[in-house]
Amino acid sequence: MAAMSILVGQEQGKVPVTVLKVEGDIDASTYKALQDKATEVIDAGAANILLDLGEVAYMGSAGFRAIHAIANMLNVEGEEGMYKSHHVKLLNPRGEVARVIKTLGFDSFLEIHQDRAAAIASF
Amino acid sequence: MRAAEKAGILRHCSFLGGAEDSVLEALAGVSSLCQAAAGETILTKGDEGSTMYFIASGTVRVHDGDVVLAHLGAGEVFGEMAVLDADVRSASVTAENPVVLLGLQRDDLWRVVSSRSASLKSIIAAVLQRERGIVRDVTSRTLQVLAFEKEMEIGRRIQADFLPEHVPEVAGWDIAAHFEAAREVAGDFYDVFQLKPSRHLAIVIGDVCDKGVGAALFMTLFRSLIRATSLSGFLRREGDAVGVDADEADEAAQVRKVLLDSVATTNRYIATTHSRSSMFASVFFGVLDPLSGDLVYVNGGHESPMVFGAGGRHEVLEVTGGVLGLFPFARFGIAATRLQPGDLLFSYTDGVNEAKNERGEQFAEPRIRDAAAAEWTDAAGFLRQVLDGIRAFRGSAAQSDDITMLAVRRIFY
C-alpha cells in the first residue's frame with residue numbers, strides 16, 4: 001500500500017486559500033484520506049482549496065473522483081453553471097499525473113497552475 | 001479479589017459448566033485477575049501464548065485485522081485454543097470497554113483437571129460446542145457466498161444484454177468487437193448501431209471508472225443514455241430525416257448537432273442526478289457516414305482511437321473534451337476525419353494499453369502499432385493480432401482490467 005501524506009497550509013490572496021500539499025500516490029487506498037482532510041478543512045471554514053500535486057507520482061481514477069467530490073463540497077449556490085470551479089484548483093501536476101489529467105480532460109474542468117503565487121492570487 | 005469470588009466468575013462460564021466446586025476453587029486459586037482498558041489489544045494474532053481468559057465483566061472484540069469475528073461478554077472465554085494445543089493465537093482480541101478478566105495458564109489448568117474426569121469431559125464438551133458453532137457459521141457463510149455468486153452470474157448475464165449481440169452488417173464495412181471482463185461484471189462498454197432513420201452508424205466505446213458492481217451499474221446507464229439520446233435526436237425530425245431529403249450541408253450539421261447534444265445530455269444527466277457518486281466514464285462517440293467514410297466524433301477523455309491506413313497512414317483521434325458524468329456544464333469539442341478504403345479505425349479501453357507483464361511494465365501504444373503493422377486481412381483478424389500481442393506480452397501476469405476493442409474497416413472496392 002502506497003503511503004500518502006497531506007500538508008495543510010494557509011495562504012492569503014484576494015481571499016483566504018487553503019493549500020493541501022499531497023505527497024505520495026493518490027489511489028484506491030489513499031483517496032479517502034485526501035477526501036477526509038478536505039472535509040475537515042472545509043468544515044473548519046475553508047472555502048478555497050489549492051491542491052498541490054507536485055509530489056504526486058501517480059493518480060488513479062479514485063483520485064479524480066476525490067477531486068470531484070471536493071469540488072462538489074465547495075460548490076456555491078448559484079455558481080453551479082460555472083464552467084470551471086472557482087474554489088478548487090490544481091497546482092503543478094507532473095509527469096504521468098499531468099498526462100492522465102490531460103487524457104481525462106480534467107484540464108477542461110479545473111484550472112491548473114504551475115506557479116504557486118499566481119495560483120493563490122487567482123482565487 | 002478473594003478465591004471464592006474468582007470461583008464465582010469461573011462458575012458462570014459455560015466452559016467450566018459441569019465442573020465440581022472443588023475444581024472451580026482449585027482453578028480460582030491459580031488464576032490471576034487482570035484488566036484491560038477500552039481499545040487495548042489483549043491478544044495479537046500470530047503471537048505465542050499459553051493463557052486463556054474468562055470474562056468477568058465488559059466486552060471484547062475477536063478480530064482478524066478489520067474483520068470482526070465475534071463479540072464476547074461476561075461468562076464467555078477466549079484464548080482457550082492456546083491451552084489446548086501449543087499453536088500461536090488464531091485471532092486478535094481487543095477490549096471494547098473496560099474489561100475484567102481471569103487469566104489461566106495452560107499448565108495450571110491441566111494440573112488441576114487432569115485427575116478429574118468430569119471436569120475434563122466438561123471442557124471437551126465446551127470446546128466441541130464452540131466447534132459446532134464454527135461449522136454452522138462456515139456453512140451459512142458458504143451458502144451466502146454461493147447465493148451471492150449466483151446473483152453476480154445473473155448480473156453478468158443481464159449486463160451482457162447491454163452490449164450488442166451482433167455488430168450490424170453494413171455494406172462496404174467490416175466491423176469486429178472484442179470484450180473481455182476482468183471480473184464477473186465490467187465497467188467497459190461498446191456499442192455499434194444504425195441511427196435510424198438515418199443511414200449513419202453510431203460507434204461508441206467507453207470505460208466507467210472503478211470496477212465491479214458500481215462500475216457495471218453506471219455502464220448500463222451511460223450506454224443507455226447515449227443510445228436513447230442519439231436515436232431520439234434523429235427521430236425528432238423523422239419527416240425530414242437525415243440522408244433522405246436533406247441536402248448535404250444540412251445533413252452534416254444535423255449529425256454534429258445530434259452527436260454533441262447526445263454527449264452533453266448524457267453528461268449533464270449523470271453529473272446532476274448522480275453527482276454524489278462522483279462516477280465518470282471516458283467515452284469515444286463517433287458517427288460514421290457509411291457512404292462517404294466521414295467520421296465525426298467526440299472524444300470525452302478516452303484513450304485515443306487510432307486509424308491505420310493501407311498506405312502507412314497512422315492518425316490518432318485525440319480527446320476533444322473531458323470525461324462524462326462529473327461536471328454538468330462541461331463543454332465538448334467535435335472533430336472529424338475520413339476513413340478511406342483500406343483504413344481501419346481501432347478504438348479500445350485502457351485494459352489494452354495498460355495491460356501489465358510480470359515486471360509491471362505496460363503494453364502501451366507502440367506495441368499496439370507493432371501489432372497493427374503485422375499481416376491482417378479483416379477487422380476480426382486485426383483484433384486477434386492485438387489480443388495475441390497482449391497475451392504474449394502479459395505472460396503469466398493476471399488480467400487486471402476489462403479489455404474492450406472495436407475495429408471498423410472500410411473495405412476496398
Side-chain angles (χ1 to χ4, degrees), chain A residues 1-2 25-32 34-36 38-39 42 51 57-90 93 95-112, chain B residues 65-66 187-188 206-212 214-215 218 263-264 267-268 270-272 274-284 298-305 316-333 349-351 353-354 360 362 364-365 400-402:
Chain A
M1 190 185 294
D25 293 352
I26 309 177
D27 58 20
S29 69
T30 60
Y31 79 97
K32 189 79 173 45
L34 172 61
Q35 221 165 301
D36 289 349
T39 308
I42 291 166
L51 270 180
Y58 172 83
M59 183 152 72
S61 62
F64 288 95
R65 295 178 62 198
I67 291 173
H68 172 258
I70 295 167
N72 256 1
M73 285 191 268
L74 289 174
N75 257 352
V76 172
E77 197 75 32
E79 287 183 4
E80 296 93 341
M82 273 176 350
Y83 181 38
K84 287 184 179 179
S85 170
H86 285 187
H87 305 287
V88 176
K89 299 179 183 187
L90 307 182
E96 181 63 13
V97 176
R99 189 193 73 84
V100 180
I101 284 174
K102 198 166 170 295
T103 303
L104 296 181
F106 257 67
D107 50 347
S108 68
F109 304 140
L110 297 171
E111 275 183 35
I112 296 170
Chain B
D66 291 337
D188 277 11
D207 182 358
V208 178
C209 63
D210 210 352
K211 295 184 177 64
F218 274 86
V263 171
N267 172 64
R268 196 176 316 123
I270 294 173
T272 49
H274 300 284
S275 170
R276 279 163 166 271
S277 301
S278 294
M279 289 293 274
F280 63 84
S282 67
V283 175
F284 173 84
V298 171
N299 183 350
H302 195 76
E303 301 293 339
S304 299
V316 175
L317 310 186
E318 304 278 6
V319 299
T320 63
V323 290
L324 277 64
L326 293 181
F327 298 93
F329 295 92
R331 291 174 198 165
F332 298 92
T349 57
D350 59 8
N353 56 323
E354 292 178 8
Q362 295 192 344
E365 286 80 355
S400 59
D401 203 352
D402 308 330

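Lettering of chains follows the sequences in order, A, B, ..., and the numbering in each one begins at 1.
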(message) Which one wins on heavy-atom pair count under 4.5 Å against chain A: Gly301(B), Ser278(B), Gly322(B), Gly321(B)?
(response) Ser278(B)
(message) Taking ring pair (Phe, Tyr, Trp, His ring centres under 6.0 Å) as the definition, give me every residue that meets it alongside Phe284(B), ordered by chain and number, with sequence neighbours left out.
(response) Tyr297(B)
(request) Of all the heavy-atom pairs spanning Val323(B) and Phe109(A), show the shortest one and how long it is. (result) O-CZ, 3.3 Å
(request) Give, as side chain, backbone, both or neither, the part of Ala62(A) having an atom under 4.5 angstrom from any heavy atom of chain B. (result) neither
(request) Hey, could you give me the OG/NZ distance between Ser61(A) and Lys211(B), rounded to the nearest 0.5 Å? (result) 7.0 Å
(message) Would you compute the distance between atom CZ of Phe327(B) and atom OG of Ser108(A) and round it to the nearest 0.5 angstrom?
(response) 8.5 Å
(message) Tell me the closest heavy-atom pair linking Val319(B) and Thr103(A), and the distance in Å.
(response) CG1-O, 3.3 Å
(request) Starting at CZ of Phe106(A), measure out to CG of Leu326(B) and round the result to the nearest 0.5 Å. (result) 5.0 Å
(message) Once side-chain contact (heavy atoms from CB on, under 4.5 Å) is applied, do any residues pair with Ser275(B), and if so which ones, sequence neighbours excluded?
(response) His68(A), Asn72(A)
(request) Using atom types as modelled and distance alone, determine if a side-chain donor or acceptor of Arg65(A) lies under 3.5 Å from a backbone N or O of Ser277(B). (result) yes
